[in-house]
Number of protein chains: 2
Amino acid sequence: MGVTIEDIAKAANVSPSTVSRAIANNPRISEKTRKKIFKIIEEMNYHPNYIARSLANKSTNIVGVVVMGTTEKAFQHPFFPEILRGIASVAYKNKYKILISSVNSLDEEKQIVGELTQSGITDGIILLSSRVKDPSISYLSDIKFPYVIVGRPENENEVNWVDNDNVSIGYKMTKHLIDMGCTDIAFLGVNSEFIVTLDRLKGYKMALADHNIPVDEKLIVEGKFVDDAGYELMKKVLDKGIVPSGVIACDDFLAFGAIKYLNENGLKVPDDVAVAGFNNVPLSNYFTPPLTSVEINAFSLGAKAFELFMAGANSEFKSFNRAIIPAELVIRESTQKK
Amino acid sequence: MGVTIEDIAKAANVSPSTVSRAIANNPRISEKTRKKIFKIIEEMNYHPNYIARSLANKSTNIVGVVVMGTTEKAFQHPFFPEILRGIASVAYKNKYKILISSVNSLDEEKQIVGELTQSGITDGIILLSSRVKDPSISYLSDIKFPYVIVGRPENENEVNWVDNDNVSIGYKMTKHLIDMGCTDIAFLGVNSEFIVTLDRLKGYKMALADHNIPVDEKLIVEGKFVDDAGYELMKKVLDKGIVPSGVIACDDFLAFGAIKYLNENGLKVPDDVAVAGFNNVPLSNYFTPPLTSVEINAFSLGAKAFELFMAGANSEFKSFNRAIIPAELVIRESTQKK
DNA sequence: CTGAAAGCGCTTACAG
DNA sequence: CTGAAAGCGCTTACAG
């Protein structure tokens with residue numbers, strides 16, 4: 001810092017206006033002065049003051065990313081950095097910067113969102129949230145602040161959002177287990193707060209219905225979505241005196257815990273029980289047995305979220321857009337019964 | 001946005017100066033006017049313009065976090081979000097915001113660091129880097145820009161940095177394996193670019209020396225540090241016709257891959273080969289067998305990094321500070337020979 | 001093609 | 001205890 005547009009102007013014997021225009025590639029500046037100015041900028045290692053520019057422009061080219069942190073452990077889940085990397089990648093190409101806020105409760109989220117939107121520090125917000133009730137969403141809509149949600153929201157037609165088709169994902173996974181010969185399939189990790197789990201459950205039920213398998217509520221276990229609670233959830237099922245032939249867990253981590261419990265109780269995966277997860281964490285491939293999962297393409301989720309934000313920023317016609325990111329079933333040993 | 005300090009001033013029948021002072025809790029403002037002003041601020045939902053304030057203050061209360069992204073997959077490693085969460089947590093308490101930049105090469109890092117430091121957008125930088133040669137470090141020092149490195153740098157006495165004591169970590173882990181009866185211990189994942197791996201190797205060698213075990217260079221395998229390359233690295237060792245009684249991998253992910261290869265070759269962990277990793281990823285506990293590792297307390301690394309930045313910002317006496325975050329050996333089944 | 005001037009929304013030294 | 005004014009470093013409509 002230190003060297004300002006004024007310094008450049010003096011050194012180049014022009015006005016600050018001209019320097020500003022040269023930098024902005026304003027075509028009204030002659031090639032000659034432009035060259036002279038750029039040479040001096042180089043020599044003096046001048047970088048425009050981002051803050052002053054933002055104040056004059058009433059736009060910062062900064063996008064706020066708000067994440068639910070500690071409480072849900074979402075931050076620790078491998079898909080989180082992947083989403084962030086996706087956002088950052090597209091943001092970078094568009095000369096945007098990313099301000100990241102980790103919040104620990106809906107109250108804190110509300111406060112942060114209030115500040116980010118009102119203080120002029122961000123041009124838009126990307127919310128990593130798939131909660132059923134998220135007051136920030138309606139707030140953002142009310143004040144017409146540009147934002148995109150990663151995770152299908154309740155009022156999906158009044159919001160810009162990006163997500164996988166989790167109903168279809170749940171369906172495909174269930175169908176896969178049925179194809180493998182499972183009929184009594186446990187479903188672990190439903191959480192009424194998270195739409196993603198409800199959607200996957202919906203797909204599960206649809207697949208069962210399509211194959212004339214009645215839904216057995218005893219096989220559906222509520223629990224934390226992203227956590228190491230799979231061990232406990234699996235225990236709950238076995239404690240009911242049921243040994244399902246298949247298990248679907250809402251996240252790979254749940255599946256790992258479930259498998260651990262099964263092994264401890266003398267049940268082999270996949271031969272006694274086929275087990276699958278979702279989200280294809282890096283380790284699924286190294287687990288014993290390698291875990292069948294679903295690749296949700298988190299990088300693309302993030303990248304697309306930013307693209308949606310940009311599209312909104314550049315269009316004068318207001319609309320609510322959504323993008324569905326394809327997900328692929330990754331079949332591994334944990335569901336391949338011999 | 002929209003409502004400015006001027007609007008508040010008019011509504012309160014005072015000058016903008018007075019509003020500004022009231023907000024800043026300047027004691028010269030009477031309790032009465034202060035109350036009046038705050039009431040109106042509340043009513044009109046006024047939030048000071050962060051950008052204007054920053055321009056006037058010549059300080060943004062934003063800290064830039066620079067991460068090596070794609071290439072090294074560091075972003076995907078669970079310790080990364082943990083570090084970030086630690087930084088965010090302390091930053092939040094100090095009313096700082098975090099701007100995150102993911103870079104894909106040293107060149108890109110250089111460019112981003114140049115921009116972050118020169119454009120006035122950040123008050124300081126936290127670099128997540130433990131590379132042996134990082135030109136950004138000397139650059140930041142040269143221009144005397146406030147910064148903290150997570151990861152011990154080469155010129156450790158001229159830099160603010162935070163890290164574990166990786167030599168000691170390597171020593172402890174090696175000693176643990178020796179105590180378990182291993183004498184020929186392979187060391188996987190040394191990478192001359194990353195000081196952390198060199199430090200752990202150093203500790204390994206020291207432990208061997210202290211127990212009168214000669215170093216066998218054939219047991220030391222270079223490779224990517226954070227990746228899923230453990231399978232290949234383990235193969236390299238066995239291909240030499242060596243079956244070590246113990247294996248230390250520089251990261252848990254490497255250890256997972258190594259175990260997979262051992263298993264495929266009929267070797268049981270831990271009875272035939274004891275295996276340990278570092279960094280205690282969430283899954284180590286669920287792996288079969290549960291993996292011995294080292295908890296590096298990544299959250300604390302991040303939190304402390306920000307504290308170091310704050311300490312530097314608040315002190316008029318320049319100094320180079322470092323903080324060593326304690327790490328704990330987490331002994332699990334993978335190294336417990338019967 | 002270029003410049004002088006006003007303005008973005010704050011803060012703060014100076015004056016009273 | 002409060003206000004008028006200058007300034008932070010840019011951008012841009014207006015004028016030439």
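Sequence lines set the chain letters: A, B, ... in the order given, protein chains first and strands last, and positions in each chain run from 1.
- Among residues at least two apart or in separate chains, ring-ring contact (aromatic ring centres under 6.0 Å, His included) pairs with a member in residues 82-116 of chain A are A/Y96-A/F306, A/Y96-A/F309.
- Secondary-structure annotation of DNA chain C gives the stems C:1-3 with D:14-16, C:5-12 with D:5-12, C:14-16 with D:1-3, with a stem taken as at least 3 successive Watson-Crick or G-U pairs whose two distances both fall under 3.5 Å.
- Near DNA chain D, meaning a heavy atom under 4.0 Å away, the residues from residues 32-45 of chain B are B/T33.
- D/dC10 and D/dC14 have their P atoms separated by 24 Å, given to the nearest Å.
- Under the side-chain contact (heavy atoms from CB on, under 4.5 Å) criterion, B/A11 pairs with B/I40, B/M44, sequence neighbours left out.
- Only the C1' atoms considered, C/dT12 is 16 Å distant from C/dG16, to the nearest whole Å.
- Phosphate proximity of D/dT12 to A/N26: absent, as no side-chain N or O sits under 4.0 Å from OP1 or OP2.
- Remark: P of C/dC8 and CZ of B/R53 are 18 Å apart, rounded to the nearest angstrom.
- Across the protein-nucleic acid pair, A/I51 atom CD1 and D/dC10 atom P stand 11 Å apart, rounded to whole Å.
- Scanning for salt bridge (charged side-chain N to carboxylate O under 4.0 Å, His left out) contacts around B/E6 gives an empty result, with sequence neighbours left out.
- The list of salt bridge (Lys or Arg N to Asp or Glu O under 4.0 Å) pairs with a residue in residues 87-102 of chain B, not counting sequence neighbours, reads A/E115-B/K97.
- Rounded to an integer number of Å, the gap from B/D123 CG to D/dC8 P is 18 Å.
- The 12-atom threshold is exceeded at NZ of B/K36, counting heavy atoms of other residues, nucleotides or ligands nearer than 6.0 Å.
- Look at CG on B/D7: it is 13 Å from C1' on C/dC10, rounded to the nearest Å.
- Applying the ring-ring contact (aromatic ring centres under 6.0 Å, His included) test to every pair with at least one member in residues 118-142 of chain B, sequence neighbours left out, gives no pairs at all.
- Separating the OH atom of B/Y50 from the C1' atom of C/dT11 is a distance of 15 Å, rounded to the nearest angstrom.
- The stretch residues 12-24 of chain A touches DNA chain D through A/S17, A/S20, A/R21, each having a heavy atom within less than 4.0 Å of the strand.
- The separation between B/L55 atom CG and D/dG7 atom P is 14 Å, rounded to whole Å.
- For the pair B/K58 and D/dG7, the criterion of a side-chain N or O lying under 4.0 Å from OP1 or OP2 is not met.
- In terms of the salt bridge (charged side-chain N to carboxylate O under 4.0 Å, His left out) criterion, residue partners of A/E43 (sequence neighbours excluded) are, by chain and number, A/K39.
- Counting to the nearest Å, the P atom of C/dG7 and the CD atom of B/E6 are 11 Å from each other.
- Of all heavy-atom pairs spanning B/Q118 and B/I143, the tightest one is NE2-CD1, 3.7 Å.
- Going from the P atom of D/dA5 to that of D/dC1 covers 24 Å, rounded to whole Å.
- Listed by chain and residue number, A/I5 satisfy the side-chain contact (heavy atoms from CB on, under 4.5 Å) test with A/S20 (two or more places apart in sequence, or in another chain).
- For A/E156, the salt bridge (charged side-chain N to carboxylate O under 4.0 Å, His left out) partners two or more places apart in sequence, or in a different chain, are A/R152.
- Between A/Y46 and D/dC10, a side-chain N or O to OP1/OP2 separation shorter than 4.0 Å is present.
- With sequence neighbours excluded, the residues satisfying salt bridge (charged side-chain N to carboxylate O under 4.0 Å, His left out) with A/E307 are A/K304.
- One atom, CD1 of A/I8, and another, C1' of D/dT11, lie 17 Å apart when rounded to the nearest Å.
- Where B/S30 and A/A56 meet DNA chain D, the nucleotide closest to each residue was compared, and B/S30 sits on the side nearer the 5' end.
- A/S136 pairs with exactly one of A/K110, A/Q111, A/E109 by the side chain to side chain donor-acceptor pair (under 3.5 Å) rule, that one being A/E109.
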